[in-house]
**Q** 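What follows is a single structure, and I will ask about it in a moment.
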Amino acid sequence: MQYAPTVIDMATGILYIVSTPIGNLEDITLRAIRVLKEVGIIAAEDTRHTRKLLSRYEIHVPLTSYHDFNKYEKAEVLIAKIKEGINVALVSDAGTPGISDPGYYLIKRAIEEGIRVIPIPGATALTAALSVSGLPTDRFSFIGFLPKKRTARDKTLKTLSTIEHTLILYESPYRVLKTLNEIREIFGERKISVARELTKFHEEVIRGKISDVINNLGSHPKGEIVIIIEGKREEEVDHET
Ligand code: SAM
């Protein structure tokens, strides 16, 4: 079997998109550890957070911050470093960079600049949550976070309610009950699965009808949450058409 090379002898460096754990620090691949050890710079959303992972695996590579508030300027700095021949690894606070985090902008800029971008696959909350949801996995849409403004949220939810395949949403613990109530109002009673704190000590997956899940979640759910919603069933679609 041929593996994608990790170090290429070219004048320009490489941007590695390295997936890191979504909780349990053991959820990292051997290749990710090796690449993180080999690059010249690691760009991280929160350097203090990433330092814990790096010290666990004895990775001693300079860290720099790349987050939502500095992404435009920092992307250019990182691109200049890559053009000087330095390999850069991008990591996020959890999971796969670019999935509902600022990674997308740097990846897009690097591609525009003709830089080689190599994925180092691994954990991501959306597939972990989907895999244990018990809802159809053959076709699904990843929605990420819903818009925060009321009108945009309503509009998005109305559109989503007509989709016939499984939907995956990210949500904060502070908004999850409000969001589930809005979903029930617009979608009606559907099957859902709420995955909380995956791979962590308080990992929990609550499956069932929306009302039952709301009751089981309690009044102050905590931690990181993924909501999986069953698609619109055929009989509902037929009924409407
Ligand atoms: N890049 C990440 C990925 O690959 O999944 C997602 C980053 S996004 C800023 C953070 C959101 O991911 C959280 O609000 C939550 O919805 C979800 N998430 C991350 N870790 C999780 C976990 N351990 N359990 C459940 N959801 C998680």
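Numbering of residues begins at 1 and proceeds along the displayed sequence. We count ligands from 1, going down the list as the structure has it; atoms in each ligand are counted the same way. Computed over heavy atoms, backbone and side chain alike; hydrogens, waters and symmetry mates excluded. These figures come from a predicted structure and were not determined experimentally.
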**Q** Tell me, yes or no, whether the heavy-atom count around Lys71 atom NZ, taken from other residues, nucleotides or ligands under 6.0 Å, exceeds 12.
**A**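 Correct, the count exceeds 12.
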**Q** Can we say Arg196 and Glu203 salt-bridge, meaning some charged N sits less than 4.0 Å from an Asp/Glu carboxylate O?
**A**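 Looking at Arg196 and Glu203, the cut-off is not met.
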**Q** At a 4.0 Å threshold, what atoms of ligand 1 neighbour a non-hydrogen atom of Thr96?
**A**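 In order of numbering, the contacting atoms are 1 (N), 3 (C), 4 (O).
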**Q** Looking only at protein heavy atoms, which one is nearest to atom 10 (C) of ligand 1, and how far off is it?
**A**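 Sorting protein heavy atoms by distance from atom 10 (C) of ligand 1 puts Phe145 CZ, 4.1 Å first.
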**Q** Does an N or O anywhere in Leu126 fall below 3.5 Å from an N or O of ligand 1?
**A**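 Checking ligand 1 against Leu126, no N or O pair falls under 3.5 Å apart.
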**Q** Please work out whether any backbone atom (N, CA, C, O) or any side-chain heavy atom from C-beta onward of Thr124 is under 4.0 Å from ligand 1, and answer side chain, backbone, both or neither.
**A**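 Both the backbone and the side chain of Thr124 come within reach of ligand 1.
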**Q** What is the nearest protein non-hydrogen atom to atom 22 (C) of ligand 1, stated with its residue, atom name and distance?
**A**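 The answer is Leu198 N, 3.6 Å.
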**Q** Got a donor-acceptor contact below 3.5 angstrom from the Asn87 side chain to the Gly40 backbone?
**A**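 Judged by distance alone, no pair lies under 3.5 Å.
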**Q** Return a yes/no value for Ala195: is any of its N or O atoms, backbone included, closer than 3.5 angstrom to an N or O of ligand 1?
**A**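 Ala195 vs ligand 1: no N/O contact under 3.5 Å.
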**Q** Please work out whether any backbone atom (N, CA, C, O) or any side-chain heavy atom from C-beta onward of Glu171 is under 4.0 Å from ligand 1, and answer side chain, backbone, both or neither.
**A**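 Backbone only; the side chain of Glu171 stays clear of ligand 1.
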**Q** So, the side chain of Tyr170 versus the backbone of Leu126: is there a donor-acceptor pair under 3.5 Å, distance only?
**A**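 Between the backbone of Leu126 and the side chain of Tyr170 there is a qualifying donor-acceptor contact (under 3.5 Å).
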**Q** For atom 20 (N) of ligand 1, what is the closest protein heavy atom, and at what distance to 0.1 Å?
**A**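 Nearest neighbour among protein heavy atoms for atom 20 (N) of ligand 1, to 0.1 Å: Glu224 OE2, 3.5 Å.
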**Q** Measure the distance from atom 18 (N) of ligand 1 to every protein heavy atom, then report the residue, atom name and distance (to 0.1 Å) of the closest one.
**A**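 That would be Ala125 CB, 3.4 Å.
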**Q** At less than 4.0 angstrom from any non-hydrogen atom of Lys200, what atoms of ligand 1 do you find?
**A**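 Counting from 1, the qualifying ligand atoms are 23 (N).
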**Q** Which atoms of ligand 1 have any heavy atom of Asp101 under 4.0 Å away?
**A**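 Those of ligand 1 that fall under 4.0 Å from Asp101 are 1 (N).
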**Q** Which residue owns the protein heavy atom closest to atom 8 (S) of ligand 1, what's the atom, and how far is it?
**A**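 Heavy-atom neighbour on the protein nearest atom 8 (S) of ligand 1: Ser100 O, 3.4 Å.
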**Q** Assess whether a salt bridge exists between Arg109 and Glu112, defined as any Lys/Arg side-chain N lying under 4.0 Å from an Asp/Glu carboxylate O.
**A**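 Here Arg109 pairs with Glu112 in a salt bridge, since their nearest N and O are under 4.0 Å apart.
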**Q** Does any N or O in the side chain of Thr127 come within less than 3.5 Å of the main-chain N or O of Ala123, such that one atom is a donor and the other an acceptor?
**A**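 Judged by distance alone, no pair lies under 3.5 Å.
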**Q** Assess whether atom CD of Glu58 is packed by more than 12 heavy atoms of other residues, nucleotides or ligands within 6.0 Å.
**A**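 No - once you tally the heavy atoms of other residues, nucleotides and ligands closer than 6.0 Å, there are 12 at most.
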**Q** Does any N/O atom on Ala94 come nearer than 3.5 Å to any N/O atom on ligand 1?
**A**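 So ligand 1 has an N or O lying under 3.5 Å from an N or O of Ala94.
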**Q** Identify the protein heavy atom lying closest to atom 16 (O) of ligand 1, giving its residue, its atom name and the separation to 0.1 Å.
**A**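 Protein heavy atom with the smallest distance to atom 16 (O) of ligand 1: Ile225 O, 2.6 Å.
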**Q** So how far is it from Ile86 CD1 to Lys81 NZ, rounded to the nearest 0.5 Å?
**A**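 Atom-to-atom, Ile86:CD1 and Lys81:NZ are 5.0 Å apart.
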**Q** Enumerate the atoms of ligand 1 whose separation from the nearest heavy atom of Val226 is less than 4.0 angstrom.
**A**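 Within the 4.0 Å cut-off of Val226, ligand 1 contributes 25 (C), 26 (N).
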**Q** Would Gly95 count as being in polar contact with ligand 1, using the rule that some N or O on each side must be under 3.5 angstrom apart?
**A**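 No.
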**Q** Under 4.0 Å, heavy atoms only, figure out whether ligand 1 is touched by the backbone of Thr199, its side chain, both or neither.
**A**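 Looking at Thr199 and ligand 1, no heavy atom falls under 4.0 Å.
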**Q** Looking at Lys232 and Glu164, is any side-chain nitrogen of the basic one under 4.0 Å from a carboxylate oxygen of the acidic one?
**A**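 No, this pair does not count.
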**Q** Who passes side-chain contact (heavy atoms from CB on, under 4.5 Å) against Thr64, sequence neighbours left out?
**A**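 Testing Thr64 for side-chain contact (heavy atoms from CB on, under 4.5 Å), a comparison that skips the adjacent residues, returns Ile41, Ala43, Lys74, Leu78.
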**Q** Checking Thr50 against Leu63 for the side chain to side chain contact (heavy atoms under 4.5 Å, CB included) test, could you report, in this order, the C-alpha distance in whole Å, the side-chain angles of both residues, the deciding distance, and whether it holds?
**A** CA-CA 9 Å; Thr50 297; Leu63 260 178; 4.0 Å; yes
**Q** Only heavy atoms count here, so choose which of Asp27, Val91, Ile22 is nearest to atom 23 (N) of ligand 1.
**A**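 It is Ile22 whose heavy atom sits nearest to atom 23 (N) of ligand 1.
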**Q** What do you reckon, does Ile99 have a nitrogen or oxygen under 3.5 Å from a nitrogen or oxygen of ligand 1?
**A**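 Between Ile99 and ligand 1 (N or O atoms, distance only) the closest approach is under 3.5 Å.
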**Q** Answer yes or no: is there an ion pair linking Glu182 with Arg153, defined by an N-O contact shorter than 4.0 Å?
**A**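 Looking at Arg153 together with Glu182, the answer is yes, because their closest N to O distance falls below 4.0 Å.
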**Q** Could you tell me the residue and atom name of the protein heavy atom closest to atom 5 (O) of ligand 1, and the distance to it rounded to 0.1 Å?
**A**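 Among all protein heavy atoms, the one nearest atom 5 (O) of ligand 1 is Tyr170 OH, 2.7 Å.
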